[in-house]
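Below you'll find the structure, written out as structure tokens, and then a few comments.
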Amino acid sequence: MFLVHNIYVWCRVFYFFFGFAGLLKDTLYTNAILTSGLILFPAVLGVSANLIFLEYVAAGVILYFVIVRPNESERASFVSERTRDLIVNRTVHDALIKEKAHLLKLQNGDEFSDQQCAKQVIDNLDKNKNGTIDAEEVI
């Protein structure tokens with residue numbers, strides 16, 4: 001179990017390494033996970049673990065193509081990685097800075113606790129007053 005949980009650590013190592021080396025840019029996360037698995041599976045399942053793993057992946061891909069019979073755009077979508085933008089959303093960042101400035105103006109010398117400041121920010125961002133900040137409210 002310890003070795004299986006280490007896959008996360010190895011994934012981060014390979015993600016950094018592949019990113020630093022400029023390798024596999026379009027499928028960085030997927031290849032980091034696969035490489036991590038290929039390193040740790042033999043320790044958990046024995047010598048033939050990598051062969052079993054690669055057969056499992058190949059069987060999954062083949063079954064997808066046989067059962068689903070995707071068209072060209074579905075096939076392209078199947079084999080492409082959907083990456084996330086890891087940079088802070090500028091609109092959200094600017095809105096939070098604006099709210100922080102608003103809180104400083106509200107303070108008027110009074111000391112707010114961290115909880116009071118957080119509640120004030122959430123109340124200001126929660127435009128429909130439902131108690132949660134929806135995606136539409138921060139955009």
* Nearest 0.5 Å, what's the CD-CD1 distance between Glu55 and Ile62? -> 10.5 Å
* Quick one: are Tyr8 and Ser36 in side-chain contact, heavy atoms under 4.5 Å? -> no
* Asked: Do the side chains of Phe41 and Trp10 join up, straight or via other hydrophobic residues, at under 4.5 Å, putting them in one cluster?
  -> no
* Leu28 with Ile7, same ILVMFWY side-chain cluster at under 4.5 Å -> yes
* To do: List in chain and number order the residues that pass ring-ring contact (aromatic ring centres under 6.0 Å, His included) with Phe17, two or more places apart in sequence or in another chain; answer none if no residue qualifies.
  => none
* Asked: If we only count heavy atoms from C-beta on, is the Ile52 to Leu45 side-chain gap below 4.5 Å?
  -> no
* So, the side chain of Asp126 versus the backbone of Asn130: is there a donor-acceptor pair under 3.5 Å, distance only? -> yes
* Does Leu24 share a hydrophobic cluster with Val13, counting links as ILVMFWY side-chain heavy atoms below 4.5 Å and allowing steps through other members? -> yes
* State plainly whether one hydrophobic cluster holds both Val68 and Leu63, where clusters connect Ile, Leu, Val, Met, Phe, Trp and Tyr through side-chain heavy atoms under 4.5 angstrom apart. => no
* Under 3.5 Å, is there a donor-acceptor pair between the Thr27 and Asn31 side chains? -> yes
* Check the surroundings of atom CZ in Arg12: do more than 12 heavy atoms from other residues, nucleotides or ligands lie under 6.0 Å from it? => no
* Identify, with sequence neighbours excluded, every residue that meets ring-ring contact (aromatic ring centres under 6.0 Å, His included) alongside Phe18. => Phe14
* Who are the ring-ring contact (aromatic ring centres under 6.0 Å, His included) partners of Phe65, not counting sequence neighbours? -> Phe78
* Compare every heavy atom of Pro42 with every heavy atom of Gly37, then report the nearest pair and how far apart it is. => O-CD, 4.4 Å
* Structure fact -> Shortest non-hydrogen pair, Arg69 vs Glu74, comes out as O-OE1, 4.5 Å
* To do: Determine, using the 4.5 Å side-chain heavy-atom cutoff (strictly less than), whether Ile33 and Leu38 are members of one ILVMFWY cluster.
  => no
* For Cys11 and Ala32, which heavy atoms make the closest approach, and how far apart are they? -> O-CB, 3.6 Å
